[in-house]
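Accompanying notes for the structure given below.
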Amino acid sequence: MELKVSIVDVCQAKADTIILPLCEGHRKLDGEAAALNDKLNGAILQVIRRSVFEGKAGQTLCLHTLGLIGAKSVLLTGIGSKENLTENNYRKAAACAARQLPGLKSRTAIFVHCERDMEKTTAVEAAAEGLVMGSYEFSIKRDMEEPKLKSVTFVATKEERDAVRAAARRGNTKGGATNLARDLANAVPAQMNPETLSLKARAIAEERGLTFTCYEQQEIQQMGMGALDAVGRGSDIPPRLLVIEYRGAGKDVTPIGLVGKGVTFDSGGLSLKTAEGMEAMKGDMSGAAAVLAAMDAIAQLELRANVTAIVPTVENLPSSKAYKPGDIVTAKNGKTIEVLNTDAEGRLILADALCHASDLGLSPVIDLATLTGACSIAVGPFCTGLFGNNSALIQEVLATSEATGELMWHLPCAERPEFKELIKGKFSDIKNTGGRAGGAITAAWFLHHFIEGTPWCHLDIASTMISDSDKDYTSKGMTGVGARTCIEFVERRQVCAPPVAVEPESGAGSGEE
Ligand code: BES
Ligand code: MN
Ligand code: ZN
């Protein structure tokens, strides 16, 4: 889908559909909405007054225009109450509209923003994100249909045009990042393994001019990453550690670390999962998918920050070479880990990745991982579990997620010493499981042993990685969760001025502070 910005008269413009998002409780309309209403002989206000269209979140209503205006239909889409006129509700309204367009046989649409309580650029960015995510579809069917929606045009005045164009581009890139994460995570396990994931990551890095390093198994062993090496041993396709660097700020700016769990398929290993438990495990690299997609977008947006992504990737399979319950492995920081359950593999590969993040001096470090089924039990299916060792960082990530609409709930971790006992090892420093109770918290506490002093935040996306239905901007299958929160986090952390590209001329007063 192409997003355009144009100076048009909405009443005359030729298009299949005009998308008009509205809040609840409109008694009158203004601007373009009023003009449309007039040309349609009052039809918009009539359906509002008769409560046929109330503007509730998720509600849409199509009015056919019968030649009264240039467009064939006007699609009203509800945002919800005026008090709840948030970016996320606007994003959802746009996505709900996008979901209606194929049924209306619309291939071209014009998007009209008329809720004056929201800044136009804010609205356009949110709308672009919603439209892009709401039109996503993953399908491998014999009769692939051609893309249904060709273009959406945002209306702007001459003065607004550049700002609106930039906003549409930001939204398109952010929504596109979620869709890329979905594509990576939805890819079938026969096609997505540590090797192919590395190739994808390399392709992204090359396209965006990022520094890319892929550490192979031998290097993983030489670097002392005994935990990652152990988990990767069961598969014929060896493990890898991927490092991608984006530098959008000066050398003196500490890079932010993004770490993503990249288990391309989690069978549980020798502690084999049940058939039912294995169904969704192609999505066990959703953390990696989100991090890679975020890097792709961060580079496209040229954010003024430095970011390093680390992705440990393995296939967790049983075989005669596989690591076994009872094995004791040594992580990069020298800590020994007793393996009680080979299905608690995510924390093992993340242990070495977090050590590496800390050795590279990254700060803060945010990891995203489909880590524990226990997290779904704790926070429910629509919420990501958030853990950390630094309250300011925790608040910052929570505020960011509030804006992106990727719901998160803070659970205790490093601040509660009671959890220490639960994963203390008998023969080793720690063990890789701490029992059923508080499983998401003991997993987070396990990770803390490998990052310690660095400000760190762990996002357990086990419950939010997948959705069983299409709903506003969420799509059935893998959700691509986390990508937008990572991008937004980096965007909000940008250094004030762009990096100085030109050296000051010699002799010209360099007294500026
Ligand atoms: N990848 C799973 C967690 C998971 C479960 C993600 C369901 C998404 C949906 C993880 O590797 C795992 O198997 N965790 C175990 C840990 C247990 C053995 C301590 C779990 O949650 O059962
Ligand atoms: Mn597992
Ligand atoms: Zn797993």
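Just so you know, ligand 1 is whichever comes first in the structure, and atom 1 is the first atom listed for that ligand. Just so you know, residue 1 is the first one in the sequence shown, and it goes up from there. This is a predicted model, so every value here is computed, not measured.
Remark: distances from the non-hydrogen atoms of Lys273 to ligand 1 include one below 4.0 Å. The shortest separation from a heavy atom of Arg347 to ligand 1 is under 4.0 Å, placing the residue in contact.
Checking side-chain atoms of Arg247 against main-chain N and O of Val307 turns up a donor-acceptor pair under 3.5 Å. Checked by atom type and distance alone, the side chain of Thr122 never pairs as donor or acceptor with a backbone atom of Met118 at under 3.5 Å. At distances below 3.5 Å, at least one donor-acceptor pair connects side-chain atoms of Tyr246 with backbone N or O atoms of Leu303. Side-chain atoms of Thr196 come within 3.5 Å of backbone N or O of Asn193 as a donor-acceptor pair. In this structure, the side chain of Asn432 engages the main chain of Leu340 through a donor-acceptor pair within 3.5 Å.
Taking backbone and side-chain atoms together, Asp343 has an N/O/S atom less than 2.8 Å away from the Mn ion (ligand 2). Distances from the Zn ion (ligand 3) show that Lys261 has an N/O/S atom below 2.8 Å. In summary, an N, O or S atom of Asp284 is located under 2.8 Å from the Zn ion (ligand 3).
Heavy-atom contacts of Glu345 reach the following atoms of ligand 1: 11 (O) (cutoff under 4.0 Å). Every atom of ligand 1 with a heavy atom of Ala462 under 4.0 Å away is listed here by number and element: 6 (C), 8 (C), 9 (C).
Using a 4.5 Å heavy-atom threshold, the side chains of Trp409 and Leu386 count as separate.
The Zn ion (ligand 3) sits nearest to atom OD2 when only the N, O or S atoms of Asp266 are considered. Checked against the Zn ion (ligand 3), the N, O or S atom of Glu345 at the shortest distance is OE2. For Glu345, the N, O or S atom closest to the Mn ion (ligand 2) goes by the atom name OE1. The N, O or S atom of Asp266 lying closest to the Mn ion (ligand 2) is OD2.
Nearest to atom 2 (C) of ligand 1 among the protein's heavy atoms is Asp266 OD2, 3.5 Å. Of the protein's non-hydrogen atoms, Leu371 O, 3.4 Å is the one closest to atom 14 (N) of ligand 1.
For atom 15 (C) of ligand 1, the choice among Ile466, Asp343, Thr433 with the nearest heavy atom turns out to be Asp343. The heavy atom nearest to atom 4 (C) of ligand 1, considering only Lys261, Met278, Met281, is found in Met281.
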> For Ser475 and Asp470, what are the C-alpha separation, side-chain angles and deciding distance, and is it a side-chain hydrogen bond (donor to acceptor under 3.5 Å, both in side chains)?
Replying inline: CA-CA 4 Å; Ser475 63; Asp470 289 329; 5.1 Å; no
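Contact annotation for atom 21 (O) of ligand 1: protein present (non-hydrogen atoms, distance under 4.0 Å).
Ring geometry for His448 against Trp456 counts as tilted: the plane angle lies between 30° and 60°, on a 0 to 90° scale.
Under a cutoff of 6.0 Å and an axis angle of 45°, Arg484 and Tyr473 form a cation-pi pair. Taking the centre and axis of the six-membered ring of Tyr215, the NZ or CZ atom of Arg240 falls outside the cone set by 45° and 6.0 Å.
Polar contact with ligand 1: absent for Asn341 (N/O pair, distance under 3.5 Å).
Among all heavy-atom pairs drawn from Glu129 and Gly171, the shortest one is CG-O, 3.3 Å.
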